[in-house]
S.K.: 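Please find one structure pasted underneath; my questions will follow.
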Number of protein chains: 2
Amino acid sequence: MSGSPTLEDVARAAGVSRATVSRVINGVRNVNPAIQETVRQAIAATGYVPNQAARSLVTRRTGSVALVVSGAGVEGEENPFPNQVFADPFFGRVAGGVVGYLRPLGIHPVLLFAETDAARAEVVDYLRQGKADGAILVSTHGEDPLPKLLVDGGLPAVLFARPPEPLPISYVDVAHRTGAKLAADHLVARGCHRVATISGPLDVLAAQDRLAGFRDAMAMHGHPYIPCVEGAFTLDSGAAAMERLLAEHPDVDGVFAANDLMAQAALQVLHRHGRLVPDDVAVVGFDDSSAALACKPPLTTIRHPVEDMAAELARLLLAQIEQPDQRVTSVIFDPALVVRESA
Amino acid sequence: MSGSPTLEDVARAAGVSRATVSRVINGVRNVNPAIQETVRQAIAATGYVPNQAARSLVTRRTGSVALVVSGAGVEGEENPFPNQVFADPFFGRVAGGVVGYLRPLGIHPVLLFAETDAARAEVVDYLRQGKADGAILVSTHGEDPLPKLLVDGGLPAVLFARPPEPLPISYVDVAHRTGAKLAADHLVARGCHRVATISGPLDVLAAQDRLAGFRDAMAMHGHPYIPCVEGAFTLDSGAAAMERLLAEHPDVDGVFAANDLMAQAALQVLHRHGRLVPDDVAVVGFDDSSAALACKPPLTTIRHPVEDMAAELARLLLAQIEQPDQRVTSVIFDPALVVRESA
DNA sequence: AGCGGTCTGGAGAGCGCTCTCCAATATGCT
DNA sequence: AGCATATTGGAGAGCGCTCTCCAGACCGCT
């Protein structure tokens, strides 16, 4: 024969019908053990491997999922591939968690990038063409329109982090308030009395939650008013915020920054002002990103269980593919405090 | 209707046959422009999207390729996902190059990992099942058995770096000798007179080539004998080699290490011995890996055009998929010298 | 006008598989 | 034993698409 063997070939070799071979392969219904054995031998003898396309055509399943890295940016000029996305250990951890869950099931993710509107349309088409059964979305920005596109298209998808607007889509997220509370507890336990915080942009949910969680926890510790300067999750905004904090509250002895990048900036500003960290001022970040380790001194921060979250995301997606009408769910994970040297 | 529209639906809506619609979609043969327009409108009206499985079934093409990260390690215990592979900027650059080339063609790579024998068998099956048309292999070790498995299986595949044993498989590689020559020229131009080198393990082709290239170039500059200590591409081996070099040739004023990791180790050893880099001893590495930038001082090194190489790899693979009987080819890329502070 | 040649659209045969029916056989019960 | 009831294998109908063949229309030429 020229092509690879088909079910028909195996059936002929085993002296049974196609249906029986199919049943043996898919382990569906009862098949006489003796016949099963014959079939297995015929499969081995012919070197048969099922054709995925034919199978997909009838089952309407491909057995593969898309891992989509998406952004909100309309920047979308000639940036065919965001190289730096790989440099980001966050993405590596997500991919690790997803693959860790899917691989034992024989599923391998297809990597898609969606920073531009055109690319987002491609992702939707990709799923509509049945090239993948569903998508795991990791958005780098909050305002990403892709989740809505997928939901509107009735395509199975799950999200890393809660969508800014309510959307009937399952997601996983971290308990931001709990994380902020860990930071507060740690600063208080260290003996900090004059604590301030640098929040993220307050139109972002996570930033709101981290601020609220921090203030609530500090209030519980008897510090009802915590100075806060709003940042933008960037290095520059963090530096500016820290400068202002120092100007307005020169006696500050503890700072909680809503992400590591701003904490890193804070560290630099404190250093410039001759303040020793953690002795004069203790600093806690959030995310446990690569920045946390690069800091001097290494940053005490709040770590997301990213791998676990990613694995759960994969599980949620498969469940939704299995039962499309199931209610959407969200799973919230507790973060952990990672104590390094900055606090 | 329940399911999504099919070719049949579009044909009915346009008042033509399935074949005509198919021809319009695939742009094959001539179709009356008026009819084409009608068909396009019918496609838009029905929201038709071709079903990939049905298409693949008859064309025997999936239009997708596998990007396989493979290792030789039989270590294969419970390491379901090599998280650190993403941390490696080399992989990021490869992925970037591959995606950059494939994405405009509407092809998205499927990520596969193959560190264990079982995983390698899975990769072969993946291709045999027709889940992807071919594989781009990035081996982390030289002794990877996967290339041979794929060649033996008659499956389209291409390789990053020349296989240790001759194998009928296309690959891209970097001109190691040319790179080594760049290093030699630079050291000589700096005025180094007593130059030595730390080679990689000499059972690895790349290590042999780098050493030979370096020696040849130095000979051209009138330095026929260049001391060499064999390392193993690791930090430890690099440190040991540098120690020995210093002991045997205390007056060395220039070192070429066959990769950045060993160069980094050399830098550390030189620092411990109170030698100033680059003033007392100039050091050149190879690879321009992340280590190069992390070094103190930042490492002068030889950079592979990884993205270009990866893109070429993708091109080679598609060509092979298109014409399976074509002769295998190899494309060798010239590296570039990146001058930083260490030399 | 008549003929070979070219161009265009339609009909229909599969691609390899799953899965619903059916028939045939085995099993349980009175 | 005799019937209803599982249990198991086979036959065959598609899944949605591409592509080969064929027929008809149209062209230019002698």
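Note on naming: letters A, B, ... go to the chains in the order of the sequence lines (proteins, then strands), and numbering restarts at 1 for each one.
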S.K.: Does A:R61 use its side chain to pair, donor to acceptor, with the backbone of A:I321 at less than 3.5 Å?
M.R.: yes
S.K.: Please give the angle, rounded to 10 degrees, between the axes at the start and the end of the helix from C:dA1-D:dT30 to C:dT30-D:dA1, where five pairs define each axis.
M.R.: 30°
S.K.: Base, sugar-phosphate or nothing for A:V31? Non-hydrogen atoms, less than 4.0 Å.
M.R.: sugar-phosphate
S.K.: With nearest nucleotides of DNA chain D determined for B:R23 and B:Q52 from heavy-atom distances, which residue corresponds to the more 5′ nucleotide?
M.R.: B:Q52
S.K.: Output, in order, the C-alpha distance, side-chain angles, deciding distance and verdict of side-chain hydrogen bond (donor to acceptor under 3.5 Å, both in side chains) for B:D144 and B:S70.
M.R.: CA-CA 7 Å; B:D144 188 356; B:S70 179; 2.3 Å; yes
S.K.: Without swapping roles, check the side chain of A:S64 against the backbone of A:K131 for a donor-acceptor pair under 3.5 Å.
M.R.: yes
S.K.: Where is the tightest heavy-atom contact between A:E312 and A:V331, given as atom of each residue plus distance?
M.R.: OE2-CG2, 3.4 Å
S.K.: Tell me, with the steps shown, if A:L7 and A:Y48 meet side chain to side chain contact (heavy atoms under 4.5 Å, CB included).
M.R.: CA-CA 8 Å; A:L7 251 202; A:Y48 171 76; 3.6 Å; yes
S.K.: Quick check against the 3.5 Å criterion: does B:D9 have a side-chain atom that pairs as donor or acceptor with the backbone of B:T6?
M.R.: yes
S.K.: If only atom types and distance count, is the side chain of B:R128 paired as donor or acceptor with the main-chain N or O of B:G153 below 3.5 Å?
M.R.: no
S.K.: Taking for each residue the nucleotide of DNA chain C with the nearest heavy atom, is it B:N30 or B:R60 whose nucleotide lies nearer the 5' end?
M.R.: B:N30
S.K.: Which atom names give the shortest non-hydrogen contact between B:F333 and B:P305, and what distance separates them?
M.R.: CB-CG, 3.6 Å
S.K.: Do A:T46 side-chain atoms and A:A42 backbone N/O form a donor-acceptor pair below 3.5 Å?
M.R.: yes
S.K.: Quick test: give all pairs of protein nitrogen or oxygen and nucleotides 23-26 of chain C nitrogen or oxygen below 3.5 Å, distance rounded to 0.1 Å.
M.R.:
none

S.K.: Give the first and the last nucleotide of DNA chain D, reading 5' to 3', that has any atom under 4.0 Å from a heavy atom of chain A.
M.R.: D:dT8 to D:dG16
S.K.: Can any side-chain N or O of B:Q52 pair as donor or acceptor with the backbone N or O of B:T62 at less than 3.5 Å?
M.R.: yes
S.K.: Using heavy-atom distances to pick each residue's nearest nucleotide on DNA chain C, tell me which of B:S17 and A:R18 is more 5'.
M.R.: B:S17
